[in-house]
Amino acid sequence: MKPYTLFSDTPSVQEPSQDAAQAILSGLNTSQRQAVEASDGPVMIIAGAGSGKTRTLMHRIAYLLALRKAWPSQILALTFTNKAAREMRERIGKLVGEDKAKELWMGTFHSVFSRILRREANRIGYNQDFSIYDTDDAQGVIKGLMTAMAIDAKAVSPRAILHKISSAKNQLIRPADYGRYVNGVVDEAAARLYQPYQDQLRRNNAMDFDDLLIKPIELFQKHPDILARYQERWKYLHIDEYQDTNHAQYVITRMLAATHKNICVVGDDAQSIYAFRGADITNILDFQKDYPQAVIVRLEQNYRSTKKILQLADSIIKKNKDQIDKTLWTDNSSGDDITLLEALSEKDEATKVEQNIRHIHLNYGLPYRSFAILYRTNAQSRSLEDALRRGGLPYKIYGGINFYQRKEIKDAVAYLRLVVNPTDNESLKRVINYPTRGIGAKSMERVAEVAHKEGLAYWHVLEKLSQLGFPPAAHQALDKFRFMIGKYAAHLSSLPAAELARELLAEAGLMQELRQENTVEALARWENVQELLNAIAEYEQEFIDDGNGTIVLSRFLQEVSLLTDADNDEGNDNKVTLMTLHASKGLEFPIVFLTGLEENLFPLPQAAADPKQLEEERRLFYVGITRAQEKLYLAFARTRFKYGKWEDSLRSRFLDELDASVLKTEGGGRWSSQKATGIRTTATEAGRWRSGPTQGNSYRVSAMNTPPPLKATPKPPQGRRMVYDEEYTASQPIVPGQKVYHESFGTGKVIAIEGVGDQAKATVFFREVGQKKLVLRFAKLQVVE
DNA sequence: AGAATGGACTTTTTT
DNA sequence: AGTCCATTCT
């Protein structure tokens, strides 16, 4: 048996096939062909938007397989999202066979190297069952340390500190060297916390996202034998979206490519939009310096968009200084003008978008999936969602909080992590008293104290509880918890993962907690946890021959930490897509709406102040524009609801930078920034514009075409009387069975009453929102006769 | 211990 | 507007 059976080494292509290779090349243009054929040595593909770069990468991999330059397991392809990897694998499967595609190493940096780290964990002082911490978990660690080190969390936010530490890690700056970069209070705090933070993660047997990139480098540096093995193993390296790789990723790839030097990177400097996350554009700009013998291929033909859309995109990107020179062109038709939608409020903007979609859908028969609505910040999705819901258009939304970040899922996952990896203090903290089981802050304080003093994990403190003299009630509660978790930990290898998870969550009381709340929201949460359990069962099915329950569960938990919303998407439901501009990278849609083109929103105020960041915002705008195939709409609103109040806004400076010759207004008129109808005026003037019928409501034009809302807001029924009112309390008691009306919940039926006077509470079942418990003094219920 | 109430604060973008 | 946190109430 081989010590490391990560991959099957069976050659999957028996004979080199020139015919197959020719077939793979035949669908490509000259430049793409060149990129595919340059198979040995370093290659950089500078690919413009919509030039078929993913397609080219895919054909390149298929070509290597057809010519039998490598076995599938010797090819590594690193993509920006899991979804991109999955799609590429599917399409390669169609070219050369699914069995071969299955064995390719494909995925994001994070997912590929988390698997490597799992294998080699013991070489860097970790256990293979390590937890992977997201930003929330990591912030929890920082907060804990700040308390322990008496750093005021109000003076410096844990989030800011974490961001500093994260960027230091991205740049491979070690804790000991961080002092040199200190500049300001946040840096100081970060400098003090960096090493303790790393130590704490290790004690928790946990890694954060950055560790998944740094630890492989540490591993390779400390163990050249391991590095050599992977260098040998991966004969061909492919990296998509190279412009968005950070320094750590750069170092990893340089290490891995050192032997064979068969590295092929694909990217577009004009689409670099992740600098805030440490993406380092010099990686792509300096590729030729690192590999002087590199073949550079430019893909400049755009297959996606109309001439006018391309012209518009070109006009905006030209405003940026630093970029690799390239000229995009297309054979596509010139298409329609780009339409500018000027709205009075964000609600009006959303309505206009909705109406345009409806109109095109009805008159031209385009399916809903052809439409995308893009925005700068997640918060903007709400008004758009409302409009689509009112109009009855099906939609799906990416981003915001994804499935695995929901509270109930994080709670459930924390239980499972704790069983798999008991030293995970963060997970323990999260669930030890949820659902409540009498372990309060006091008890946990003491546990933390002992843990800190003796350098133990919380779990190990629980294990020696009897020596610590806790009060009997607390002792019993803690011991019961330890016993429960310990029992499942002991069953890890004997029980199937899905079954174990189900029983644990039931015994912990999590399912019941969600059930008994008896609201629509709680039911949805309960269903989410069920879905998690199903996912475990499904995963287990796939790995049924792969060993025991331990491996299934801990691998599942690790993979799940790296999934995003888009990864869960089937992609084939017929719905309008809503997402941030960032999330739209790599995608295309026949019709695209870019919304919220306003100063202080796009570009964001922080970015507008800094030329570098402003250029990145501009690239983001470029990315948005180039998502569109047929038709593009640019929308902005004069007022927007922000931080709880209405704010006037000015149209984005980006609109003034555009080539106006391909722009028209909604009415069909030519648009030019000079003649623009008072758009970019002062705030006061804009305020005058807004003072129509009512702020943020429907307006003359749009109101006429807007269909009535599907579900009218609940109206107080006639013949009502106030039920709770100082005067009436005595004379108007509510009794179970009584029908009542509540201002925001609508009508409902009283199920039970408890307490008297000011303490009186009623349990009411509302038709719209389910069961609620209300304090009569505040609820202002009205009796419905 | 735990629930409830009131206040401050918030929003970039994400693997 | 919603969320998180601290303080107060039961």
Side-chain angles (χ1 to χ4, degrees), chain A residues 78-85 107-114 132-136 138-139 143 153-154 157-159 163 166 169-170 207-213 241 244-246 248-249 272-279 374-383 398-402 404-405 407 433-444 471 473-474 477 559 561-567 579-585 596 600-608 613 616-617 619-621 623-624 640-647 696 744 755 758-759 761 773-775 777-778:
Chain A
L78 297 164
T79 57
F80 192 72
T81 61
N82 290 306
K83 192 185 172 196
T108 61
F109 273 89
H110 291 84
S111 65
V112 166
F113 289 100
S114 68
I132 296 177
Y133 280 0
D134 67 10
T135 317
D136 275 358
Q139 256 187 63
K143 274 186 204 161
K154 265 188 227 134
S157 90
R159 172 203 295 246
H163 187 258
S166 171
K169 286 166 85 169
N170 282 332
M207 298 196 201
D208 67 13
F209 284 142
D210 305 313
D211 286 332
L212 296 179
L213 304 177
E241 308 285 11
D244 285 319
T245 51
N246 64 30
Q249 290 166 323
S272 153
I273 53 174
Y274 279 96
F276 71 92
R277 206 173 78 186
L374 309 180
Y375 37 79
R376 183 61 187 46
T377 65
N378 281 308
Q380 287 164 255
S381 68
R382 163 159 285 174
S383 54
Y398 290 130
I401 317 156
N402 72 45
Y404 290 100
Q405 285 173 328
K407 184 186 174 300
N433 199 31
Y434 180 80
T436 52
R437 47 174 75 86
I439 302 173
K442 265 268 158 49
S443 304
M444 273 317 283
E559 277 184 33
S561 319
L562 300 173
L563 289 183
T564 62
D565 234 14
D567 299 323
M579 61 178 130
T580 63
L581 287 152
H582 282 88
S584 76
K585 194 170 74 153
N600 291 324
L601 184 61
F602 192 23
L604 286 164
Q606 309 88 307
Q613 286 187 57
E616 177 147 321
E617 295 279 301
R619 288 193 294 270
L620 190 57
F621 190 30
V623 167
R640 197 164 282 280
F641 204 64
K642 263 185 206 166
Y643 313 117
K645 50 177 187 288
W646 286 96
E647 277 183 12
S744 45
D758 279 2
Q759 265 74 53
K761 286 179 208 154
K773 200 177 227 183
L774 304 162
V775 177
R777 182 145 64 104
F778 300 110

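A note on names: the letters A, B, ... follow the listed sequences, proteins ahead of strands, and every chain is numbered from 1.
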Counting any heavy atom closer than 4.0 Å, what does A:Asn433 reach on the DNA or RNA strands: base, sugar-phosphate only, or nothing? sugar-phosphate
Side-chain N or O of A:Arg277 closer than 4.0 Å to phosphate OP1/OP2 of B:dT12: no
Distance check needed: B:dT14 C1' versus A:Leu213 CG, whole Å only. 13 Å
Indicate, with a heavy-atom threshold strictly under 4.0 Å, whether A:Arg159 touches base, sugar-phosphate, or nothing. sugar-phosphate
N or O in side chain of A:Ser443 less than 4.0 angstrom from B:dA1 OP1/OP2: yes
Please confirm whether the shortest side-chain N or O distance from A:Asn600 to OP1 or OP2 of B:dT11 is below 4.0 Å. no
Do A:Arg619 side-chain atoms and A:Ser272 backbone N/O form a donor-acceptor pair below 3.5 Å? yes
When rounded to whole Å, the CG to P distance for the pair A:Asn246 and B:dT13 reads 20 Å
Side chain of A:Phe209 only, please: which of B:dT12, B:dT15, B:dT11 is the nearest? B:dT15
Would you say A:Asn378 reaches B:dT12's phosphate, i.e. side-chain N/O to OP1/OP2 under 4.0 Å? no
Rounded to the nearest angstrom, tell me the gap between atom CD1 in A:Ile273 and atom C1' in B:dT15. 13 Å
Check the angle between the aromatic planes of A:His582 and A:Phe276 and answer parallel, tilted or perpendicular using the 30° and 60° thresholds. perpendicular
Residues two or more places apart in sequence or in another chain: which of them pass side-chain hydrogen bond (donor to acceptor under 3.5 Å, both in side chains) with A:Arg382? none
Which residues satisfy the side-chain hydrogen bond (donor to acceptor under 3.5 Å, both in side chains) test with A:Ser584, sequence neighbours excluded? none
Apply salt bridge (charged side-chain N to carboxylate O under 4.0 Å, His left out) to A:Lys442 and list each qualifying residue two or more places apart in sequence or on a separate chain. none
So what does A:Leu604 hit on the nucleic acid, given a heavy-atom distance under 4.0 Å: a base, only sugar-phosphate, or nothing? base
Whole Å only: how far is the OH atom of A:Tyr133 from the P atom of B:dT15? 20 Å
Categorize A:Phe109 for me: base, sugar-phosphate, or nothing, with a 4.0 angstrom heavy-atom threshold over every strand shown. nothing
Assert: residue with more 5' nearest nucleotide on DNA chain B, out of A:Thr81 and A:Gln606, is A:Gln606
Pairing residues for A:Gln606 by the side-chain contact (heavy atoms from CB on, under 4.5 Å) criterion, not counting sequence neighbours: A:Leu604
Rounded to whole angstrom, note down the C1' distance from B:dT13 over to C:dC4. 22 Å
Round to a whole Å and report the spacing from CD of A:Glu616 to P of B:dT14. 12 Å
Provide, to the nearest angstrom, the distance between the OH atom belonging to A:Tyr375 and the P atom belonging to B:dT12. 16 Å
Atom CE of A:Met579 and atom P of B:dT14 are separated, to the nearest Å, by 11 Å
What's the CZ-P distance between A:Phe276 and B:dT14, to the nearest Å? 6 Å
Reckon A:Thr580 has a side-chain N or O less than 4.0 Å from the OP1 or OP2 of B:dT14? yes
In terms of heavy-atom contacts, A:Leu562 and A:Phe209 come closest through CD2-CE2, 3.4 Å
All side-chain hydrogen bond (donor to acceptor under 3.5 Å, both in side chains) counterparts of A:Asp211, not counting sequence neighbours: A:Lys169, A:Gln198
What nitrogen or oxygen pairs link the protein and nucleotides 1-8 of chain C at under 3.5 Å?
| residue | atom | partner | partner atom | Å |
| --- | --- | --- | --- | --- |
| C:dC5 | OP1 | A:Lys143 | NZ | 3.2 |

